[in-house]
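Some notes on the structure that comes next.
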Amino acid sequence: MAFRRKKISVIGAGQVGATCALMLASRGVGDVALLDINQGAAKGKALDILQTAAVQLFDSQVTGTADYADTADSHVVVITAGSPRRPGLTRDDLLTINARVVASCCREIKKFSPEAVVIVVTNPLDAMCFVAQRELGFQRERVLGMAGILDSARFRTFVALELGVSVRDVQALVMGGHGDSMVPMPRRCFVGGVPLTELLAPERVEVLVERARGGGDEIVKLLETGSAFYAPAASVVQMVEAILRDQRRVLPCAAMLHGEFGVNGLFIGVPCVLGGRGLEKVCEMELDAAERAAFEHSVSRVRALVDDLARLGL
Ligand code: APR
């Protein structure tokens, strides 16, 4: 059988979606269909990205569309459609708008790409994963949320800046929900194999933890007109690559838990093995008392969001 490039559809051609499309194409991860309700934006950005191939030298095809038929038989679908956080938009407003958008996208994805692995990016992430899973009805291996890689990337960046070392050598794990209740785990952060807790005083570590927790807000305040998109897109690309190249990377992702870490039926950020089937495995481990308390608090916040979906009839 002739070799064909894998197909990735990115739903939402806004800041995150278009950046994902650019990074996926330029890394040659696969052919990209970029879909938006705003057809002009999808087609225009896709064409612009495709024209970078002549200079950056890649073979991936990039097409823009407003028609889900063009996304048919995707191997991976990334959902970035929705509204970003904006001043004046309440949490409930955002939850309502984005739950409706994600549900409508998933109905089409289910129809056109029933075998796809779906990666949700739209916020509030953990609740949007829940909505996606409900609409798709796929087994849990094929519905994942992107948050932990981004949150860990932020923490790793602040550690590297603080210590004046290469971020490549900083390993970190952030678990829990995506939001200010996330759980960075300093005890599990290593700098070239040396525990962070042996390199920095606890007060400094706490400053970095807090900055990571507020990492999204810090950028929203600076941008004033939207939220972060370069690092979110790069984090999505790492997940897509791990799946399509069957890399079996161990990465923190939002996954539907079936009893792991004592949680059932919620999407929570946990260390996952990502490979050709999507979620290959959730890596369980013992949490100490402080980690457990922070994790459970974060889980309760995610549960409250899912309860809000029901309260709002979503
Ligand atoms: N179907 C397809 N596309 C849609 C739909 C829909 N039903 N509703 C909105 N969109 C598109 C918009 O037209 C817009 O182009 O989604 C895109 C969103 O892009 P931006 O407003 O630029 O938002 P972005 O910064 O990309 O963030 C998208 O990712 O990180 C999260 O919190 C962020 O939830 C937000 C999402």
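Because the structure is predicted, anything quoted here is derived from the model rather than measured. Numbering of ligands and ligand atoms starts at 1, following listing order. The figures here come from the full heavy-atom set of this structure, side chains too, leaving out hydrogens, waters and symmetry mates. Just so you know, residue 1 is the first one in the sequence shown, and it goes up from there.
- Look at Ala18 and you'll find every heavy atom at least 4.0 Å from all atoms of ligand 1.
- Annotation for Ala116 and Val77: closest pair CB-CG2, 3.9 Å, computed over non-hydrogen atoms.
- Each of Lys6, Arg249, Arg27, Arg248 was evaluated against Glu241; a single residue qualifies, Arg27, per the salt bridge (charged side-chain N to carboxylate O under 4.0 Å, His left out) test.
- Checking Val131, Val101, Asn98, Leu94 one by one against Thr122, the side-chain contact (heavy atoms from CB on, under 4.5 Å) holds for a single residue, Asn98.
- Among the atoms of Asp36, some N or O lies under 3.5 angstrom from an N or O of ligand 1.
- Proximity of Leu274 to Gln247: side-chain heavy atoms (C-beta onward) are nowhere separated by under 4.5 Å.
- Here the closest heavy-atom approach between residue Val250 and residue Cys283 is recorded as CG1-SG, 4.2 Å.
- The nearest pair of heavy atoms linking Ser83 to Ile97 is CB-CG2, 4.2 Å.
- The protein heavy-atom contact nearest to atom 32 (O) of ligand 1 is Asn123 ND2, 2.9 Å.
- Near Ser83, the atoms of ligand 1 lying under 4.0 angstrom from a non-hydrogen atom of the residue are 34 (O), 35 (C).
- Protein heavy atom in closest approach to atom 22 (O) of ligand 1: Gln15 N, 2.9 Å.
- Protein heavy atom in closest approach to atom 9 (C) of ligand 1: Gly82 N, 3.7 Å.
- Contact detail for Val174 and Met182: the closest heavy-atom pair is CG1-SD, 3.9 Å.
- Across every non-hydrogen atom of Met175 and Pro271, the tightest pair is SD-CD, 4.0 Å.
- Using a 4.0 Å cutoff on heavy atoms, Pro232 does not count as a contact of ligand 1.
- In this structure, atom 2 (C) of ligand 1 lies nearest to the protein heavy atom Ile37 N, 3.5 Å.
- Shown here for Val209 and Pro184, the closest heavy-atom pair between the two residues is CG1-CG, 3.8 Å.
- Taking a 4.0 Å cut-off on heavy atoms, Ala41 fails to register as neighbouring ligand 1.
- Atoms of ligand 1 lying under 4.0 Å from at least one heavy atom of Val101, given by number and element, are 5 (C), 6 (C), 7 (N), 8 (N).
- In this structure, of Val16, Val10, Thr80, Val121, the residue bringing a heavy atom nearest to atom 28 (C) of ligand 1 is Thr80.
- In this structure, Ser235 contributes its side chain and Ala231 its backbone to a donor-acceptor pair below 3.5 Å.
- Atom 19 (O) of ligand 1 has its closest protein heavy atom at Gly14 CA, 3.2 Å.
- Looking at ligand 1, you won't find any N or O of Tyr68 less than 3.5 Å from one of its N or O atoms.
- Ligand 1 has no N or O atom lying under 3.5 Å from any N or O atom of Thr122, backbone or side chain.
- For atom 21 (O) of ligand 1, the nearest protein heavy atom (residue, atom name, distance) is Pro84 CD, 3.3 Å.
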